Amino acid sequence: MAAGITKTGDEWRLSDVIQGVAIDSRLVKPGYIFVAIPGAISDGHAFVEDAINRGAVAIVGEHPLNLPVPYFQVESSRRAAAELSAAYYHYPSRDLVTIGVTGTNGKTSVVYWLTALVRAGGISAGMISSVVNDTGNRVRNSILTTPESPELQRQLWEMRQNGATHAVVEVSSHGIAQRRVDEIGWDLAVLTNITREHLDFHGTMENYVATKAKLFQRLPADSLGAVLNADNRYSDVVREGLVCPVVTYGLEAGDVRTEILEATAWGSRVRIDAGQGRPIEAQLNHPGQYNVYNLTAAVTAALALGVSPEVIQRVIPELPGVPGRMQVLQQPGQPTVIVDYAHTPDGLTQSLITVRKMVEGRVWLVFGARGGRDRGKRPEMGRVAATLADCVVLTADSPNDEEPDAIAEAIREGIDTVDPAKLIKIELDRARAIHWVVKEAQATDCVLITGRGPEPYQYFHGRRVVLKDSDVALDALGERVRKGADGVGIH
Ligand SMILES: CC(=O)N[C@H]1[C@@H](OP(=O)(O)OP(=O)(O)OC[C@H]2O[C@@H](n3ccc(=O)[nH]c3=O)[C@H](O)[C@@H]2O)O[C@H](CO)[C@@H](O)[C@@H]1O[C@H](C)C(=O)N[C@@H](C)C(=O)N[C@H](CCC(=O)O)C(=O)O
Ligand SMILES: Nc1ncnc2c1ncn2[C@@H]1O[C@H](COP(=O)(O)OP(=O)(O)OP(=O)(O)O)[C@@H](O)[C@H]1O
């Protein structure tokens, strides 16, 4: 057993000598295995020496290398990282019922709600989401939506140590493509929806859908199965060739069908018919039709996991809001300010349609687009903004390594194809943009700030700037109250 590792086929055995697995040399500690990944920006093989200097006792990589420590050459480093991480943590997912939630929009909401439903049903469940990771008695802020495999397996192990029997995991398309979730034996997988996103990474919609589909293809025939959105056209593609049981949900079609009995600006009364027993009837206190879809996905999955309809019906009115999603900031006599995480054309459409119903006045939209991500969606989001908002103020999101004015320009191109007059201002300083709009809006108006939700930082060429949309909006509202403003400016 060289350096405490043996490999037979895909199965790695690690002795107690091994103290951890890392794919980033900067995280290596004495006794670690370092897995060198050829990346898009740099090549992990270039950091092997660094890893050895930090105490790595074995290296795994894809290139032929001659090293002073044992070296394992593999076909896919990412796959090996997942295998090694699972082995190091004694395959925690084998002892957990694991539920993967994927889709373009709504993953975090479904993960939060499904976790709440199963916990209410007496099940001890951990949760991995893009906002927080909750392993049962420890909650950490998330860095990635789906953690890299060493961190993911560690969190699953911690859940098991904390007595969890179930794990609800948000699965991004990056997480699937980069094989972070490879060694998880899924029991149930849920698809929220698929619309345009991440084409910078996946190239085409076809590749994007095929990547999402991989999560479902891994479900065995004896698993709890796949939960698919019958109203989303890509579900048929995802369904092709699946060997597991499939249950569909939707508002227009599906095995589990939801009817909106009454919709108000702030929520919906719904009837969910799963085709057996009395339908569930409850008040969902979150706005928008899209949240009814998220609810139906979570309920369908909860039923598949054995949570009773009675428990589900009782819990629906109490389902928690996800931080930074449709977060409403209100002060009497002031405009309604809403912080939302919409960052795709479909998300922005849903968000604007929903907000439109909440206020009598105009809808002001403050947004930008993240740098280094799908450029093609920018004009599309500009078109959505100009179609559904009354007044648009473009600003910086997190530009990363791009120039904020060039990003704003790309969005403006979309706005111009619909109605250039809707673009009231370009203010690239996001805090100033929010302050300006809150000052200009009338008391009956709504200011919708999208794209960053609860994120605490903006990144400009690696420089980190602290900025939380809700904090800035509250400041702006406070200032308006102090100054006694009553909506001056463009009316
Ligand atoms: C764009 C993208 O997918 N980037 C991912 C990709 O990075 P990369 O190919 O650029 O890697 P690289 O920087 O070239 O480095 C190659 C390897 O060298 C290693 N390295 C690098 C420097 C060093 O000093 N030592 C060292 O060992 C790196 O850790 C890496 O393993 O491979 C890395 C290793 O797996 C990932 O950590 C990294 O995710 C970055 C952090 C990221 O921001 N990813 C985002 C896009 C992401 O995954 N997002 C999804 C959610 C998307 C959504 O729905 O919004 C998520 O699940 O979070
Ligand atoms: N089912 C849905 N359909 C369309 N848009 C949605 C849906 N659910 C949520 N949204 C929009 O997407 C935003 C993000 O929601 P949520 O965080 O639940 O999705 P997500 O898929 O987890 O996104 P991310 O992984 O980027 O966090 C919301 O603020 C809302 O604007």
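Just the heavy atoms: all of them, side chains too, but no hydrogens, waters or symmetry mates, feed the values below. Order of listing sets the numbers, starting from 1, for every ligand and every atom in it. Note that the structure is predicted; figures quoted are calculated from it, not measured.
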Atoms of ligand 1, numbered as shown, that sit under 4.0 Å from any heavy atom of [X]:
{"X": "F34", "value": "27 (O)"}
{"X": "A40", "value": "8 (P), 9 (O), 10 (O), 14 (O)"}
{"X": "I37", "value": "16 (C), 17 (C), 31 (O)"}
{"X": "S25", "value": "23 (C), 24 (O), 25 (N), 26 (C), 27 (O)"}
{"X": "E148", "value": "33 (C), 34 (C), 35 (O), 36 (C), 37 (O)"}

Self-check item: Residue that, paired with Y293, satisfies side chain to side chain donor-acceptor pair (under 3.5 Å) out of N229, T192, N105, D231
Solution: D231
Quiz item: Among N105, V101, N294, which residue places a heavy atom closest to atom 1 (N) of ligand 2?
Solution: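 Nearest option to atom 1 (N) of ligand 2, by heavy atoms: N294.
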Quiz item: Does S109, backbone or side chain, put an N or O under 3.5 Å from an N or O of ligand 2?
Solution: yes
Quiz item: With a 4.0 Å cut-off on heavy atoms, does E170 reach ligand 1?
Solution: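 Heavy atoms of E170 never come under 4.0 Å of ligand 1.
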Quiz item: For the side chain of N232 and the backbone of N193, is there at least one donor-acceptor N/O pair under 3.5 Å apart?
Solution: no
Quiz item: Looking at atom 39 (O) of ligand 1, what's its closest protein heavy atom, distance included?
Solution: R180 NH2, 4.0 Å
Practice problem: Look at atom 42 (C) of ligand 1 and say which protein heavy atom is nearest, naming residue and atom and giving the distance to 0.1 Å. | Solution: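 Sorting protein heavy atoms by distance from atom 42 (C) of ligand 1 puts L144 CD2, 4.0 Å first.
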Quiz prompt | Within reach of ligand 1, part of S172 (heavy-atom separation under 4.0 Å) | solution = side chain
